[in-house]
Amino acid sequence: MPSPWKVLANSVVGTSHERIGERCQDYATARLVEAGEVSSLILVCADGAGSASRAEAGAKLACHEFLSVAASALTGGLSVSAITFEIARDWCDRARRRLSLEACVCGAELRDFSCTLLAAVVSDRHAVFMQIGDGAIVYREGDGYRTAFWPENGEYANVTYFLTGPDFESRLNVKLLEFGPDEVALFTDGLQPLALHYATKTVHAPFFDPMFATLRREPDPDTLRAPLKQFLASKPVVERTDDDKTLILATRRLPEHDHAPPRQ
Amino acid sequence: MIEQTAFGADTQPQFGTNSFAENPEPRCPCLLLLDISGSMNGPPINELNAGLVTFKDCLAADALAMKRIEIAIVTFGGTVQTACDFTTIEGFHPPTLTAGGDTPMGTAIAQAVSMIRQRKDTYKAHGISYYRPWIFLITDGGPTDAWASAAAQVKQGEASKSFLFFSVGVAGANFDVLKQISTREPLQLQGLEFKKLFLWLSQSQSSVSRSNPGDGVPLTDPTGPKGWASTI
């Protein structure tokens, strides 16, 4: 049976990093894992710290290691509903140790690989979300969207927490949902000003509605990668935020759900 | 007009930047603590006033800084006054300050610390995120009132990362006292280079206001070859 999921992801380098010739320090990846009758979708993204010299490598390595550890656990028969805080912490720790090893190999420090980490594991009937630092995970519940966690910043707007931090365990948020949402989005903090409404701590639905509607209708999600990139780099978006931006959208909702045209 | 596409951004109408509802950008508060005592009379106060105009002009040229930086001015000369409460650059009209009176620096610092605390509470109440505030003291003398408690508040605020406190002495400033007040090394203004100082301050604030989580904020060294200050 073909996967019911359609996944679309892309990243763009922020104008503030572009100005100084830096590359995008965000990374995103996804994989569908089949174990017997059960299929689970894993989505991961990370935002490398601008001040860390190897943040780009850090974000990429952390995502790949996390994905590989989580995928092998699920393939081995772990069910999504059985993912506890301890298991999530162990997966994050594995990703963190991978960065430590890389630091050793290239004679660098762990903090040179500083990055946040956001992950979602979604099965038919459950979902687990994990997050260290800012950015957000958004899922559909009924007709609305919810954030798994409100982005974790320190007191100040330019401070957050990292997988590489000494206290990463105390900054790790884990949440289990007793249902399998049919739409999930992960994004790094560069998109927060557009996707979230700070005063009410809610999701800005008009940001997601048209994008999910388009993805539901499109038989081949890959054809939307270029338009998504274009959008992330477009003037109205860049005017609101000059940071790197990454967005992962995943839907298994059918286009028939769209009774009304997307809100303008 | 912005064309609406499948991935069209919902565009936000631009009204005043001072309202939190219209402008939900994170705020970068900067409080100027200015000595306008009698000794500042003449060229120093004139250069200071001109510097404030430069400050506004530079910040107004940066679209993001316009939305994010908030300025407040507390003056001390005879009395302590709030010459300008926290406002975005749009609502900042550089005052023409006149000099006179003694130097109640201790009272002024305490007021600045309290204003910073209140401003943070206002941000929190409106769900507005913010950067670490700066308090920027400029003086050509030394306190004529009690300042021990003010110095303690500065040290405590710096230690708890509540704000950054910078002090700049113009010729004649009591650097011994400034060193006891400020955790950071006081800087000495070269001559009356207020314009260069405010140019640097606007560039620094622009850098801070652009910084994203995890970014370092590189500031140019004010004591460098093209700077405006020397260390004591």
Side-chain angles (χ1 to χ4, degrees), chain A residues 14-17 19 25 47-52 55 114-116 133-135 151 153-162 189-190 192-194 197-201 204 206-207 210-211 213-215 217-218 224 227-232 234-237 239-244 262-264, chain B residues 1-14 19-29 62-70 116-117 120-121 123-134 157 160-164 205-218:
Chain A
T15 45
S16 66
H17 292 163
R19 262 198 302 271
Q25 289 154 339
D47 179 354
S51 57
S114 291
C115 62
T116 65
D134 56 12
N153 282 105
E155 179 184 4
Y156 301 125
N158 51 352
V159 176
T160 192
Y161 305 111
F162 297 113
D189 72 303
Q192 280 174 206
L194 290 105
H197 193 252
Y198 285 72
T200 54
K201 292 200 169 182
H204 190 52
F207 177 79
M211 290 196 278
T214 307
L215 183 58
R217 282 194 304 268
E218 178 55 56
L224 295 175
L228 174 59
K229 192 163 193 129
Q230 226 167 20
F231 162 69
L232 293 176
S234 68
K235 196 164 170 255
V237 174
E239 272 175 358
R240 296 289 302 277
T241 163
D242 59 357
D243 200 359
D244 293 348
R263 271 187 275 172
Q264 292 300 302
Chain B
M1 275 295 286
I2 291 143
E3 199 180 333
Q4 188 87 16
T5 66
F7 295 96
D10 52 312
T11 55
Q12 197 172 328
Q14 294 301 313
S19 141
F20 293 130
E22 309 298 351
N23 174 15
E25 289 289 331
R27 299 300 204 271
C28 186
D62 177 341
L64 202 62
M66 278 284 276
K67 290 183 188 166
R68 293 186 171 181
I69 293 170
E70 289 193 343
I116 290 284
R117 195 181 305 124
K120 285 186 181 181
D121 288 342
Y123 295 146
K124 285 176 199 158
H126 289 85
I128 295 290
S129 64
Y130 52 91
Y131 295 88
R132 191 157 156 199
W134 284 31
S160 61
K161 301 195 170 185
S162 298
F163 52 75
L164 296 161
Q205 289 288 299
S206 291
S207 301
V208 172
S209 74
R210 273 198 306 269
S211 63
N212 292 307
D215 283 356
V217 183

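Numbered from 1 within each chain, the chains take letters A, B, ... in sequence-line order.
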Quiz prompt | B/Lys124 atom NZ, over 12 foreign heavy atoms within 6.0 Å | solution =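 Result for NZ/B/Lys124: enclosed.
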Quiz prompt | A/Tyr161 portion near chain B, given a 4.5 angstrom heavy-atom threshold | solution =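 The answer is neither part of A/Tyr161.
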Quiz prompt | Residue A/Asp189 versus chain B: region with a heavy atom under 4.5 Å | solution = side chain
Exercise. State the CG-OG distance between A/Asn158 and B/Ser207, to the nearest 0.5 angstrom.
Key: 11.5 Å
Self-check item: Residues which pass side chain to side chain contact (heavy atoms under 4.5 Å, CB included) with A/Glu155, listed by chain and number, not counting sequence neighbours
Solution: B/Lys120, B/Tyr130
Exercise. Say whether, by atom type as modelled, one donor and one acceptor occur between the side chain of A/Tyr156 and the main chain of B/Ser162 under 3.5 angstrom.
Key: yes
Self-check item: 4.5 Å side-chain heavy-atom contact, A/Tyr198 and B/Pro26
Solution: no
Practice problem: Side chain from CB out, backbone as N, CA, C, O: work out which of these in B/Leu64 comes under 4.5 Å of a heavy atom of chain A, or both, or neither. | Solution: side chain
